[in-house]
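Below is one structure, written out as structure tokens, with a few remarks after it.
Just so you know, residue 1 is the first one in the sequence shown, and it goes up from there. Computed over heavy atoms, backbone and side chain alike; hydrogens, waters and symmetry mates excluded.
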Amino acid sequence: MFKLTEYCNFDEQWAKFFAKHNFYVGFSVDGPKDIHDLYRKNKQGMSTFSQTVSGIERALAHGILTNAIGVITNESSRHADDVYFFFKKLGVRNIDLIPCFDYNSELTLRPENYTRFMMRIIELWKNDNFEPLKIRFLNDIRKRLQATNSSGPQTVGCELAGQCGQNWSVGGDGLIFPCECLTPVPRFQMNKISETKFSDLINSAQMNEVKKSTNEIDNRCIQCDVFSICRGGCLNRRLSEHALNGKLDLYCESRRSIILKMKSSLPAKDANP
């Protein structure tokens with residue numbers, strides 16, 4: 001997937017190129033204008049909302065497979081209804097709602113705010129019979145809850161996958177990291193894409209470190225009643241050097257509440273575990 005931020009001028013030329021080559025394009029938009037513009041201004045301090053929405057509309061008009069990525073902040077967490085209905089009206093069917101996480105910064109979404117926000121999103125989504133939006137994280141939980149022994153493995157995003165390093169990030173400077181979320185962590189920095197082979201990257205010390213760190217799961221996590229769904233959460237949010245919540249993902253309790261809420265919200269036949 002090619003990820004577009006609000007700073008990219010997504011014009012007709014880009015649209016035709018992505019449509020021709022069957023790109024999956026993601027746009028960062030956090031909700032209605034007043035919410036989006038809290039943190040997504042351009043270098044001149046001006047709003048990027050109209051430009052971003054226009055890019056989304058252009059992508060949809062060209063038939064490009066499109067998703068929207070919304071970051072939940074402490075401010076926007078109080079406006080779940082506004083965020084939900086904005087995305088429903090926007091026309092994008094695949095969305096992702098992710099918590100703002102900046103380690104011990106005050107920008108990091110507080111777990112209690114994340115829980116409250118997602119509880120309300122689930123209620124709104126249930127009222128719509130879980131249509132027409134596909135909310136990536138919640139949909140992954142739903143797939144896991146619907147899984148049976150005969151249905152085979154379920155493809156889910158990295159947060160519930162129990163592994164990391166499957167989707168590398170390549171920055172504008174060419175530097176590669178095992179995951180976009182790990183780019184602020186120097187020990188995970190790999191080589192430049194122009195200076196190494198993929199085979200060397202796969203066997204690099206950084207990838208081995210990712211595998212080792214991923215498997216360092218707190219016993220409290222393993223003993224949890226939703227571990228089979230959760231698999232330990234996001235590696236970046238439980239790194240030892242940050243220790244915001246021991247070896248637990250900062251949003252461990254929030255995720256458990258979200259999983260249990262989804263389980264109780266789905267029809268009985270769809271919530272097997």
Side-chain angles (χ1 to χ4, degrees), residues 1-6 24-32 35-36 38-40 48 52 56 66-80 82-84 86-88 90 92-103 105-122 124-125 133-144 156-169 177-185 229-239 242 244-245 248-259 261-262:
M1 183 183 78
F2 186 88
K3 182 179 177 183
L4 289 171
T5 70
E6 66 279 5
Y24 183 19
V25 179
F27 289 83
S28 295
V29 56
D30 296 339
I35 291 175
H36 176 86
L38 286 173
Y39 295 106
R40 295 200 183 270
T48 62
T52 303
I56 293 172
T66 305
N67 86 326
I69 303 164
V71 175
I72 312 161
T73 65
N74 287 306
E75 294 87 351
S76 67
S77 68
R78 299 191 295 268
H79 305 285
D82 294 337
V83 172
Y84 179 85
F86 166 79
F87 282 114
K88 185 178 176 181
L90 186 61
V92 176
R93 292 297 169 248
N94 296 287
I95 70 170
D96 199 0
L97 299 171
I98 59 176
C100 179
F101 181 74
D102 190 32
Y103 306 106
S105 164
E106 63 180 15
L107 293 175
T108 292
L109 176 66
R110 292 188 290 275
E112 63 272 21
N113 291 343
Y114 182 42
T115 302
R116 183 185 66 245
F117 178 89
M118 294 303 290
M119 293 297 102
R120 180 56 180 161
I121 291 294
I122 292 171
L124 294 168
W125 201 33
L133 293 175
K134 291 184 179 179
I135 305 172
R136 194 272 311 164
F137 179 51
L138 298 182
N139 211 47
D140 282 353
I141 294 173
R142 184 183 184 184
K143 286 193 290 185
R144 276 280 174 80
V156 296
C158 56
E159 185 169 354
L160 299 180
Q163 57 184 315
C164 188
Q166 303 302 303
N167 299 285
W168 295 351
S169 171
F177 284 80
C179 171
E180 184 180 10
C181 295
L182 295 175
T183 54
V185 188
I229 306 296
C230 167
R231 306 293 177 88
C234 176
L235 170 61
N236 185 47
R237 300 195 298 246
R238 55 183 175 88
L239 292 173
H242 305 298
L244 295 178
N245 197 20
L248 296 177
D249 184 328
L250 177 64
Y251 301 112
C252 173
E253 287 300 323
S254 295
R255 192 167 49 256
R256 180 176 181 271
S257 296
I258 293 166
I259 291 171
K261 176 73 170 180
M262 280 296 295

- Task: Using the side-chain contact (heavy atoms from CB on, under 4.5 Å) rule, take N94 and K134 through it: C-alpha gap first, then chi angles, then the decisive distance, then the call.
- Result: CA-CA 5 Å; N94 296 287; K134 291 184 179 179; 3.6 Å; yes

- Message: Nearest 0.5 angstrom please: I121 CD1 to I72 CD1, how far?
- Response: 7.5 Å

- Query: Is there a side-chain contact (heavy atoms from CB on, under 4.5 Å) between V83 and I35 once you walk through the steps?
  - Reply: CA-CA 8 Å; V83 172; I35 291 175; 3.9 Å; yes

- Please name the pair of heavy atoms, one in G31 and one in F87, separated by the smallest distance, quoted to 0.1 Å. N-CZ, 4.4 Å

- Only counting residues at least two apart or in another chain, list the ones meeting side chain to side chain contact (heavy atoms under 4.5 Å, CB included) with R256. C224, D225, V226, E253, L260

- Query: Counting distance only, does the side-chain N/O of T66 pair as donor-acceptor with the main-chain N or O of V25 below 3.5 Å?
  - Reply: no

- Item | Side-chain heavy-atom pair K261, M118 within 4.5 angstrom cut-off | no

- Query: Does the side-chain contact (heavy atoms from CB on, under 4.5 Å) test come out yes or no for V92 and V29, once each step is laid out?
  - Reply: CA-CA 11 Å; V92 176; V29 56; over 6 Å; no

- Any chance CG of N167 has more than 12 other-residue heavy atoms, nucleotides or ligands included, within less than 6.0 Å? no

- Item | Taking every non-hydrogen atom, the tightest pair across P178 and W168 | O-CD1, 3.4 Å

- Message: So, taking the atom named CG in L133 and the one named CG in L97, what distance separates them when rounded to the nearest 0.5 Å?
- Response: 9.0 Å

- Not counting sequence neighbours, which residues clear side chain to side chain donor-acceptor pair (under 3.5 Å) with T73? List them please. E75, S76

- Message: According to side chain to side chain contact (heavy atoms under 4.5 Å, CB included), who are the partners of N113, at least two apart in sequence or on a separate chain?
- Response: N74, S77, L109, R110, R116

- Message: Looking at every heavy atom in both L182 and F177, which two are closest together, and how far apart are they?
- Response: O-CD2, 3.5 Å

- Item | Pairing residues for D140 by the salt bridge (Lys or Arg N to Asp or Glu O under 4.0 Å) criterion, not counting sequence neighbours | R136, K143

- Query: In chain order, what residues pass the side chain to side chain contact (heavy atoms under 4.5 Å, CB included) check against C234, with sequence neighbours excluded?
  - Reply: N236, R237, D249

- Please tell me if the side chains of F137 and I98 come closer than 4.5 Å, counting only heavy atoms from C-beta onward. no

- Minimal heavy-atom distance between T52 and H36, with the atoms involved, is OG1-NE2, 4.0 Å

- With sequence neighbours left out, write down each residue that passes ring pair (Phe, Tyr, Trp, His ring centres under 6.0 Å) with F86, or none if nothing qualifies. F49

- Message: If I compare all heavy atoms of F117 with all of A80, which pair ends up nearest, and what's the gap?
- Response: CE1-CA, 3.6 Å

- Query: Can any side-chain N or O of R238 pair as donor or acceptor with the backbone N or O of G232 at less than 3.5 Å?
  - Reply: yes

- R93 meets the side chain to side chain donor-acceptor pair (under 3.5 Å) criterion, sequence neighbours left out, with none

- Task: Starting at CD1 of I141, measure out to CD1 of I122 and round the result to the nearest 0.5 Å.
- Result: 6.5 Å

- Message: What I'd like to find out is whether the side chain of C100 reaches to under 4.5 Å of the side chain of Y39, using heavy atoms alone.
- Response: no

- Working for side-chain contact (heavy atoms from CB on, under 4.5 Å), residues L90 and I95: CA-CA 11 Å; L90 186 61; I95 70 170; over 6 Å; no

- Task: For residues V185 and L239, determine if any side-chain heavy atom of one lies less than 4.5 Å from a side-chain heavy atom of the other.
- Result: yes

- Query: What distance do Y251 atom OH and E112 atom CD have between them, rounded to the nearest 0.5 Å?
  - Reply: 9.5 Å

- side chain to side chain donor-acceptor pair (under 3.5 Å) partners of S254, counting only residues at least two apart: T115

- State which residues pass ring pair (Phe, Tyr, Trp, His ring centres under 6.0 Å) with Y84; sequence neighbours excluded, sorted by chain then number. none

- Among all residues two or more places apart in sequence or in another chain, which pass the side chain to side chain donor-acceptor pair (under 3.5 Å) test with N139? none

- Search all heavy atoms of I229 against all heavy atoms of R144 and return the closest pair with its distance. O-NH1, 2.7 Å

